[in-house]
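Each chain gets a letter, A, B and so on, in the order its sequence line appears, and its residues count up from 1. Quick caveat: nothing in here was measured; it's all calculated off a predicted structure.
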There are 2 protein chains.
Amino acid sequence: MTQTSLDADRSIARAPARTWTIAELAREFNVTPRAIRFYEDGGLIAPMRQGTSRIYTAGDRARLGWILRGKRLGFSLGEIRELLDLYYADRSGVQQIRGVLRKSRQHIADLEKKLRDLRAQIAEFREVEAHAVQFLRDKGIDPESDDR
Amino acid sequence: MTQTSLDADRSIARAPARTWTIAELAREFNVTPRAIRFYEDGGLIAPMRQGTSRIYTAGDRARLGWILRGKRLGFSLGEIRELLDLYYADRSGVQQIRGVLRKSRQHIADLEKKLRDLRAQIAEFREVEAHAVQFLRDKGIDPESDDR
DNA sequence: GCTTACGTTGACGTAAACGTAAACCTCGGC
DNA sequence: GCCGAGGTTTACGTTTACGTCAACGTAAGC
């Protein structure tokens with residue numbers, strides 16, 4: 001059940017693979033342990049156990065980063081799960097690959113719409129910014145001085 | 001050609017400004033009237049009334065588009081309200097403009113982070129797509145044929 | 001004058017995404 | 001031998017963003 005022989009073999013040639021506790025990852029990604037456990041309940045991540053404690057590998061850590069990036073982009077956890085399933089999908093058969101191809105193209109299209117939305121909003125607020133700068137310059141005020 | 005002259009319109013009579021009902025906007029933007037009323041409850045939009053019925057002007061319509069774009073980008077209604085307040089902010093005084101400048105710059109920075117997230121995700125799924133295409137080509141299958 | 005379509009205001013229900021509190025284990029240090 | 005720091009599960013609470021009635025008003029068409 002243990003992997004002592006493997007560990008011993010690797011401990012000489014390889015650096016011992018680093019792992020993280022739930023609190024470490026929570027601090028690093030600025031979320032709570034509760035949130036991470038919640039993602040696990042939803043099947044978005046599945047760390048190993050050491051006794052009852054969760055142990056996160058570098059792969060788990062990357063997955064968490066993936067999840068949180070998805071959240072920042074406005075996807076629900078359900079959508080993120082589908083995307084993770086897609087990203088880590090079974091790529092063994094032709095039909096599977098066809099499915100991956102179709103879904104990834106769909107997702108890219110969704111993302112590109114989001115990209116257009118984002119560009120438009122950035123452009124609008126750049127205009128707001130430019131007008132504000134111009135207004136202050138016209139008044140002879142340095143827009144970069146931050147004195148109240 | 002079909003566009004009537006602005007000058008002619010002004011000299012005689014203004015074209016009657018078009019307005020929309022809640023159901024019309026709901027259909028156009030693919031949301032429910034309930035959602036639009038909810039945004040109004042939250043102070044994100046404030047249409048005129050004709051009796052008890054809500055009447056939306058072109059400006060209200062644009063505002064609704066703004067709200068929904070914000071949602072697609074992953075902002076909460078509270079955040080969208082702040083952004084709308086910023087966008088339509090009082091720009092009369094120096095202090096107000098300073099505030100607008102500071103907040104719009106902050107918001108642009110947030111959006112640009114989102115842009116980086118988005119580009120990264122698009123790049124990843126483009127790779128997934130490319131690998132799928134390559135896999136099918138290697139098998140002598142046309143990736144564009146959609147036969148099951 | 002009755003139906004149909006569309007509007008209104010409550011009021012309550014619900015799914016998602018956690019927060020919070022309780023009760024417990026467990027391990028290294030004093 | 002106990003204590004604090006961290007981990008666990010279970011369960012109920014909370015916020016957000018609406019959905020879903022219910023009960024009502026009103027203007028149009030037959």
Side-chain angles (χ1 to χ4, degrees), chain A residues 1-2 16 18-57 60-61 63-85 110 114 117, chain B residues 16 18-57 60-61 63-85 110 114 117:
Chain A
M1 173 177 174
T2 63
R18 200 199 150 169
T19 60
W20 289 263
T21 68
I22 196 168
E24 284 169 348
L25 284 191
R27 262 193 303 277
E28 178 177 351
F29 288 101
N30 201 30
V31 294
T32 64
R34 175 69 179 93
I36 300 179
R37 292 194 196 101
F38 185 77
Y39 302 150
E40 185 175 344
D41 286 351
L44 280 83
I45 194 169
M48 308 178 309
R49 297 295 180 120
Q50 182 174 288
T52 61
S53 294
R54 292 166 173 83
I55 298 293
Y56 297 86
T57 66
D60 294 326
R61 182 165 161 276
R63 237 181 128 95
L64 181 58
W66 230 93
I67 293 167
L68 298 175
R69 195 179 63 191
K71 288 213 66 190
R72 288 194 300 272
L73 292 176
F75 294 103
S76 72
L77 294 189
E79 289 169 326
I80 292 170
R81 190 154 73 104
E82 285 180 27
L83 295 177
L84 279 169
D85 287 352
D110 293 349
K114 227 167 251 239
D117 282 342
Chain B
R18 199 198 151 172
T19 60
W20 290 262
T21 70
I22 196 167
E24 284 169 348
L25 284 191
R27 260 192 304 278
E28 178 177 352
F29 288 101
N30 200 32
V31 294
T32 64
R34 175 69 178 93
I36 300 179
R37 292 194 196 101
F38 184 76
Y39 302 150
E40 184 175 345
D41 286 351
L44 281 81
I45 194 169
M48 308 178 311
R49 297 294 181 121
Q50 182 174 286
T52 61
S53 293
R54 292 166 173 84
I55 298 294
Y56 297 86
T57 65
D60 293 326
R61 182 165 162 277
R63 237 180 127 95
L64 181 57
W66 229 94
I67 293 167
L68 297 176
R69 194 180 64 191
K71 289 212 66 188
R72 289 195 299 274
L73 292 176
F75 293 105
S76 72
L77 294 188
E79 289 169 327
I80 293 171
R81 189 155 72 104
E82 286 180 27
L83 294 178
L84 279 168
D85 288 351
D110 293 350
K114 233 169 247 243
D117 283 341

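- Listed for the E82(A) side chain is no donor-acceptor partner under 3.5 Å among the backbone atoms of E79(A).
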What nitrogen or oxygen pairs link the protein and nucleotides 10-14 of chain C at under 3.5 Å?
none

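- For D117(A), the side-chain contact (heavy atoms from CB on, under 4.5 Å) partners two or more places apart in sequence, or in a different chain, are K113(A), R69(B), R72(B), L73(B).
- Between the C1' atom of dA5(C) and the CD atom of E24(B) lies a distance of 13 Å, rounded to the nearest Å.
- Atom CG of N30(A) sits in a sparse spot, with 12 or fewer heavy atoms from other residues, nucleotides or ligands closer than 6.0 Å.
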Apply salt bridge (charged side-chain N to carboxylate O under 4.0 Å, His left out) to E40(A) and R34(A), showing your working.
CA-CA 10 Å; E40(A) 185 175 344; R34(A) 175 69 179 93; over 6 Å; no
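- Each of dT8(D), dG6(D), dG7(C) was ranked by its minimum atom distance to the side chain of A23(B); first place goes to dG7(C).
- In this structure, F29(B) atom CZ and dC18(D) atom P are separated by 15 Å, rounded to whole Å.
- A sub-4.0 Å separation between OP1 or OP2 of dA17(C) and a side-chain N or O of K71(A) is absent.
- Counting only heavy atoms from C-beta outward, the side chains of R81(B) and D85(B) approach each other to under 4.5 Å.
- Taking atom CZ on R27(A) and atom C1' on dG6(D), their separation rounds to 10 Å, with Å as the unit.
- Not a single donor-acceptor pair under 3.5 Å links the side chain of R61(A) to the backbone N or O of L25(A).
- For DNA chain C, the neighbouring residues in residues 43-57 of chain B, judged by any heavy atom under 4.0 Å, are R49(B), T52(B), S53(B), R54(B).
- Within the 4.0 Å cut-off from OP1 or OP2 of dA17(D), not a single side-chain nitrogen or oxygen of Y39(B) is found.
- No side-chain donor-acceptor contact under 3.5 Å links R49(A) to the backbone of I55(A).
- In this structure, K114(B) satisfies the cation-pi test against F75(B), with its NZ or CZ atom closer than 6.0 Å to the six-membered ring centre and inside 45 degrees of the ring normal.
- Using a 4.5 Å cut-off on side-chain heavy atoms (C-beta onward), Y39(B) and L68(B) make contact.
- Atom CG in L68(B) sits roughly 13 Å away from atom C1' in dA17(D) (whole-Å rounding).
- Atom CG of D41(A) and atom P of dT9(D) are 8 Å apart (whole Å).
- Of the candidate nucleotides dT8(D), dG6(D), dA17(C), dA17(C) has the atom nearest to the side chain of S76(A).
- Whole-Å rounding puts the R37(A) CZ to dG7(D) C1' distance at 7 Å.
- One interatomic measurement links the two molecules: CZ of F38(A) to C1' of dT9(D), which rounds to 16 Å at whole-angstrom precision.
- Here dA17(C) presents its P atom at 16 Å from CD of E40(A), a figure rounded to the nearest Å.
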